[in-house]
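What follows is a single structure, written as structure tokens, with notes after it.
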Amino acid sequence: MDGNSCPLMILSVFLLFSDLLLCSAAFLEPADLLYDSAVQAFYGGDYESVVRYMEGALSSHRGVRHTRIRCRLRCQDQHPFHKTFSDLRFFDVVLRRTVCMNACIEAKLGTQSVHKVSDEVIQDFNRRIPYNYLQLAYQKMQMSEGKFPWLCASSCDQGGKEVSCHLWTCVWIHLPHTHTPAHTIILKQPEKAAAAAHTYFQANPEHVEMGQHLEQYKDLQGVEESHFVDQEARPHQQSFTAAVKLYDKGDYEGAVTLLEDALVEYYKADVECRALCQGPQKFEGHDHVRYRYSLHEVVSDHFTQVLHCEHECVRDLATRPGRLSPMENYLPLHYDYLQFAYFKVNRLEEALQCALTYLLFHEGDEFMTDNVDHYREILTHDSTPREEAERYLTRHQLELELLLMGSKIMGVDFTEGNYWSSTGGRDDSNRIPSGTDGWMEYVPISEKKNITVIVSQQLKEGGPLLYDSVQLVQNSVSLNGTQRVLLDHVISEGECAELRNLAHAVTMAGDGYRGRMSPHTPNERFEGATVLKTLQYGYEGRVPMSSARLFYDTSERVRRIVESYFMLNTTLHFSYTHLVCRTAITGQQDHRNDLSHPIHADNCLLDPDANECWKEPPAYTYRDYSALLYLNGDFEGGEFIFTEMDAKTVTASIKPKCGRLVGFSSGGENPHGVKAVTSGQRCALALWFTLDPLYRELERLQADEVIQALDTQSVWGQGLTINPKDEL
């Protein structure tokens, strides 16, 4: 680069920034604002606005994603890196790409900062929560003010021309033989509600009520099988699912076509996934304000995180909606299916090529090597693996090498995921994949399928209850499960009343759930408080210190009872302690059949379809035992239920009342939930315990210090330093 190139580079960058300032205003409203408006409309009973805002939020969310992908890929093509370049040439390309992408994105979206949404909103979209609101809004719209039936109509076809479909249309009608004046009736399309319910259920199959809603929609007139569509379906997964179904039916020609489509879509999705990784990164453990990084350290740190994100696209593309565990051996299975499908339709050239491609992922696989030898013998010549797979694996291996190097240099832990380390077993000598629903409840050679839940320690129960008043009501046998117990009279009526009064004074909406007022259902208000927060209120004189102390002492009583009854041979530590109340929202209980808290397990991710519970984050995998101490029973609904791992079959139902305690082990052996609270308020102490002292609750340790200080009177006259920390 000569001496004049730097001024020219700076000038070109300046001109590009000037163009950026002239970009048009945003065309898309921010998704988070639309989402918030929809939620507020829901609580306000304006269900038409719920649909309008929520559809807009989903559209904006998709639009922002599409724009970022398109602009980043376009600018990469326009400003490629050269094989050899100096530092200045490198940063010349970096700057040009930056300006190009900003100009491209802001021309469509406006100021990018407007579209930066919180992690909580992103999580809600990933969990498909908007579709739950949509489905509920459609349900609420099924009755008019006069409670007349809703009519269904579609007005999307006008004179054979394709026009946009509106979500609803309003008309005036006269109802004869009544004294009721004309009403505005909304003609809505029931398939919209069915599609919203189906889309939500794909990512939340443990939601029993949504499954029931879907069954009801199937019986509605005007709703057909084709209306149950996943509006967030990913093309590569959709094609693969359909291909497996055709394969299982023996339609190998059809399976080949769809599998080839699935591969095209997979590699396209991989490119898009990588483009999205180029956004802002989180530098956990680093304070970039106080710590002065050198240029190359900053670049290396950021590049390593982007590279890790791109490397993890293999996990993202193989993960079913609503799951965290990727499907084992996902990409190689495409080539496995193809090699046998091509064989069945006598296209041996393609069969050999796909078999060789499979061996790129699983070098030396015995069965596939035999297939390759068979194809070569018939064809009398050899072939080569597919180029796109070779490029993919070469890049994947290089990424791994760089990540291992970067983790060593930057001091960051990195563990490679084994996303296709298993070859996957077949049920017969031809290695034909087993019949599935398209997501391959695949039987690996290791017989991973049909794993049963195993509790690490020897199971015991029936130990002393420690307190004279406590009565055993039901044990594991009578509760139809493992490591379950129901006890009464753990605390008195007076203590229940005092703790309920305490709850009314200290609990806060959304406490413990990152401020979300209704973390489990929009039809109830959720409020909570921790032990440490309560003690702080007591010290400040906002609640009686005796009541705060009762909360602390009662939780310790429960811990001792659970530890003793289940005859644990080690200390049970607090993992989280919560005083919680759930209150039915007036006017939102008609025709309600959702749960107050959906079926789940406390230390693993329940997968009802596979009858599995995956013990991995974000589940609190370190939790070993759970307990709920109820403070009242003067409300409607709110029964605690245990289920089988299918999240449907109820094995035990418990009606709360003052002083009643249900305790159980926290794993997949004890899926549980709470039925809807349809009237009144349900209050309880929710406690989780761990056998691992490394995961003791920080707030509990601080609370222990406060109590110790109170007992020794050393705290009086001194400031009380408390730093509450939400864990959930």
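All residue numbers refer to positions in the sequence shown, counting from 1. Keep in mind the model is a prediction, meaning the values are calculated, not measured.
Looking at Ser626 and Ser666, their side chains do bring a donor and an acceptor atom within 3.5 Å of each other. No hydrogens or angles considered: nothing links the side chains of Asp36 and Tyr53 as a donor-acceptor pair under 3.5 Å. Side-chain N/O atoms of Tyr35 and Asp124 include a donor and acceptor closer than 3.5 Å. With 3.5 Å as the limit, one finds a donor-acceptor pair spanning the side chains of Thr583 and Gln681.
Legend: residues meeting side-chain contact (heavy atoms from CB on, under 4.5 Å) with Glu493, ordered by chain and number and at least two apart, are Cys658. With sequence neighbours excluded, the residues that form a ring-ring contact (aromatic ring centres under 6.0 Å, His included) with Phe689 are Phe574. With sequence neighbours excluded, the residues that form a ring-ring contact (aromatic ring centres under 6.0 Å, His included) with His61 are Phe125. For Arg484, the side-chain hydrogen bond (donor to acceptor under 3.5 Å, both in side chains) criterion is met by Thr651, Asn670, not counting sequence neighbours.
No side-chain heavy atom of Met54 sits under 4.5 Å from any side-chain heavy atom of Tyr131.
Applying the salt bridge (charged side-chain N to carboxylate O under 4.0 Å, His left out) definition to pairs two or more places apart or across chains, those involving residues 537-555 are Glu540-Arg542, Arg549-Asp553, Arg549-Asp711. Sequence neighbours left out, the pairs with a member in residues 645-682 that pass ring-ring contact (aromatic ring centres under 6.0 Å, His included) are His600-His672, Phe640-Phe664, Phe640-His672, Phe642-Phe664, Phe664-His672.
The two residues Ala601 and Cys613 make their nearest non-hydrogen contact at CB-SG, 3.6 Å. A pairwise comparison of heavy atoms in Glu461 and Phe566 identifies CB-CD2, 4.0 Å as the closest pair.
Ion pairing between a basic and an acidic side chain is recognised when a charged N comes within 4.0 Å of a carboxylate O; Arg623 and Asp692 show no such pairing. Using a cut-off of 4.0 Å between Lys/Arg side-chain N and Asp/Glu carboxylate O, Glu527 and Arg525 are scored as salt-bridged. In this structure, Arg660 pairs ionically with Asp488, as a charged nitrogen and a carboxylate oxygen lie closer than 4.0 Å. Using a 4.0 Å cut-off between charged side-chain N and carboxylate O, Arg560 and Glu563 make no salt bridge.
Judged by the 6.0 Å distance and 45° axis criteria, Lys655 is positioned over the aromatic ring of Phe635.
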